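This structure is in structure tokens; I'll ask about it shortly.
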Amino acid sequence: MQVAVVTFDGFNELDSFIASALINRCRKDGLAAFITTPTPVVMSMNGVEVTGQRPMEFVTEADVVLIGSGVKAREVVADDRLISRLPLDPSRQLIGAQCSGALVLARLGLLDDMPACTDIKSRPFVEARNVTVLDAPFHAQGNIATAGGCLASQYLATWVITRMLGEDAARDVLGYVAPVGESQETVERALRAVHAGEVVRH
């Protein structure tokens, strides 16, 4: 089971690295995340250069695709050629977006019938695409999820792990990375956010 963490130039380190690091704690169970980039090397919003682990074409074979955010998100959605490299399929893939990544999902037409979560700065741009933005950290319908606020990336990762491996696996990962003395509180907060934000389709 493979996860593509799509990471564009100008990316937010918290968004891409928290999600990939948490998911990669499940490698022994067959779930692995890869930083997936449109160019061999991308630079973060703070000047950190990162070499991609997979090229953009990897999104077509990944079981899960997470779209990270960054300071160039509006440039990304305005680039038809770049957007064309994201042929996502919610009928067979779990698809998630972090903060301004919701702009990408909106541009791809994946949020037409659902509200989304995003960060404060991205909110007006997401709303300009006729998407209702929720005052919540996480929302999911079917195979599509969005998270708002950098540290909500843990909720996106929790959703992925729960959907792919079950809640016990998510509890194990969250319990391990939680601040010492706050394990149970951290685990329950993340699972509560995911359960509260998930709309089950019948």
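Since we're looking at a predicted model, the values are computed, not measured.
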Original post:
Does one side chain, of N143 or R92, offer a donor that lies under 3.5 Å from an acceptor on the other?
Top reply: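 No, no side-chain donor-acceptor contact under 3.5 Å.
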**OP:** State, with a plain yes or no, whether a side-chain heavy atom of P40 is found less than 4.5 Å away from one of T51.
**Re:**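 No, their side chains stay 4.5 Å or more apart.
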Original post:
Knowing that exactly one of T118, L66, L156 qualifies, which makes a side-chain contact (heavy atoms from CB on, under 4.5 Å) with Q98?
Top reply: L156
**OP:** Would you check, one step at a time, whether the test side-chain contact (heavy atoms from CB on, under 4.5 Å) holds for R123 with V131?
**Re:** CA-CA 9 Å; R123 180 169 186 152; V131 176; over 6 Å; no
Original post:
Quick one: does L88's side chain get under 4.5 Å of Q93's, heavy atoms only?
Top reply: yes
Original post:
Sub-3.5 Å donor-acceptor pair from the side chain of H139 to the main-chain atoms of A116, do we have one?
Top reply: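 No; zero donor-acceptor contacts below 3.5 Å.
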Subject >> Chi angles and distances behind the side-chain contact (heavy atoms from CB on, under 4.5 Å) call for L86, V104 >> reply: CA-CA 9 Å; L86 290 167; V104 177; 3.8 Å; yes
Original post:
Going by heavy atoms in the side chains, are T36 and Q53 under 4.5 Å from each other?
Top reply: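 Counting from C-beta outward, T36 and Q53 never come under 4.5 Å.
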Original post:
Is there any salt bridge (charged side-chain N to carboxylate O under 4.0 Å, His left out) pair reaching into residues 51-78, and which pairs are they, with sequence neighbours excluded?
Top reply: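 Listed by first then second residue: D9-K72, E57-R85.
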Subject >> Sub-4.5 Å side-chain heavy-atom contact between S100 and K121 >> reply: no
Original post:
Which heavy atom in P115 sits nearest to a heavy atom in Q141, and how many Å separate them?
Top reply: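 Heavy-atom minimum between the residues: CD-OE1, 3.3 Å.
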Subject >> salt bridge (charged side-chain N to carboxylate O under 4.0 Å, His left out) partners of residues 174-190, not counting sequence neighbours, each pair once >> reply: R171-E188, E185-R189
Original post:
With the 4.5 Å side-chain cut-off for hydrophobic clustering, are V5 and I83 part of the same group?
Top reply: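 No, because V5 and I83 fall into different hydrophobic clusters, even though each may have its own neighbours under 4.5 Å.
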Original post:
Roughly how far, to the nearest 0.5 Å, is CG of L103 from CZ of R107?
Top reply: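 Output value for this atom pair is 11.0 Å.
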Original post:
Does a donor on one side chain sit under 3.5 Å from an acceptor on the other, for S91 and D89?
Top reply: yes
Original post:
What is the minimum heavy-atom distance between I23 and A157, and which atoms define it?
Top reply: CG1-CB, 4.1 Å
Subject >> Gap between atom CD1 of I161 and atom CG of D168 - 0.5 Å precision >> reply: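 Atom-to-atom, D168:CG and I161:CD1 are 12.5 Å apart.
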Subject >> Name of the residue among T37, T39, V76 meeting side-chain contact (heavy atoms from CB on, under 4.5 Å) with F8 >> reply: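 Running side-chain contact (heavy atoms from CB on, under 4.5 Å) over T37, T39, V76 with F8 returns exactly one hit, V76.
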Original post:
What are the two closest non-hydrogen atoms of C150 and D15, and how far apart are they?
Top reply: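 Heavy atoms of C150 and D15 come nearest at CA-OD1, 3.4 Å.
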Original post:
Which side chain to side chain donor-acceptor pair (under 3.5 Å) pairs, counting each pair once, include a residue from residues 147-159, with sequence neighbours left out?
Top reply: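 Non-adjacent pairs meeting side chain to side chain donor-acceptor pair (under 3.5 Å): W159-E198.
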Subject >> Least distance between heavy atoms, A102 atom then C117 atom >> reply: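 Of all heavy-atom pairs spanning A102 and C117, the closest is CB-O, 3.9 Å.
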Original post:
Going from CZ on F11 to OG on S44, what distance comes out if it is rounded to the nearest 0.5 angstrom?
Top reply: 5.0 Å
Original post:
From D29 CG over to L165 CG, what is the distance, rounded to the nearest 0.5 angstrom?
Top reply: 5.5 Å
Original post:
Does F34 have R27 sitting over its ring (NZ/CZ under 6.0 Å from centre, angle to axis within 45°)?
Top reply: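 Geometry flag: set, cation within 6.0 Å and 45°.
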Subject >> Common cluster, V187/Y176, ILVMFWY with side-chain heavy-atom separation under 4.5 Å >> reply: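 No: no chain of side-chain contacts under 4.5 Å links V187 to Y176.
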Original post:
Taking a hydrophobic cluster as the set of Ile, Leu, Val, Met, Phe, Trp and Tyr residues connected by side-chain heavy atoms closer than 4.5 Å, whether directly or through intermediates, do L108 and I67 fall within one such cluster?
Top reply: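 Result: yes, single cluster for both.
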Original post:
Passes side-chain contact (heavy atoms from CB on, under 4.5 Å), V173 versus C26? Steps please.
Top reply: CA-CA 8 Å; V173 170; C26 299; 3.6 Å; yes
Original post:
Below 4.5 Å, heavy atoms only, C-beta onward: do L105 and T146 meet side chain to side chain?
Top reply: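 In short, these two side chains touch, coming nearer than 4.5 Å.
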Subject >> Heavy-atom pair of closest approach, residues A147 and A152 >> reply: CB-O, 3.8 Å
Original post:
Do S69 and N12 meet the criterion of a side-chain donor-acceptor pair at a distance under 3.5 Å?
Top reply: no
Original post:
Around Q184, counting heavy atoms of other residues, nucleotides and ligands shown, do more than 12 lie under 6.0 Å from its CD?
Top reply: no
Original post:
Where do A106 and R129 come nearest, in terms of heavy atoms and distance?
Top reply: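 Distance-wise, the nearest heavy atoms are CB-CD, 3.8 Å.
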Original post:
Just how far is it from atom CG of N130 to atom CG of D112, taken to the nearest 0.5 Å?
Top reply: 9.5 Å
**OP:** Answer with yes or no whether the hydrophobic clustering places L82 together with V59; edges join I, L, V, M, F, W, Y residues whose side-chain heavy atoms lie under 4.5 Å apart.
**Re:**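 Result: yes, single cluster for both.
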**OP:** Show your reasoning for whether side-chain contact (heavy atoms from CB on, under 4.5 Å) applies to L31 and V3.
**Re:** CA-CA 8 Å; L31 180 63; V3 182; 3.7 Å; yes
Subject >> Cluster overlap I95 with M114, hydrophobic side-chain contacts below 4.5 Å >> reply: yes
Subject >> Spacing of CD belonging to E13 relative to CD1 belonging to I18, to within rounding of 0.5 Å >> reply: 10.5 Å
**OP:** Flag the pair T7 / V50 as yes when at least one side-chain heavy-atom distance between them is below 4.5 Å, and no otherwise.
**Re:**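 Side chain of T7 against side chain of V50, heavy atoms only: no contact under 4.5 Å found.
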Original post:
Can you find a pair of side-chain heavy atoms, one from I35 and one from S16, that are under 4.5 Å apart?
Top reply: yes
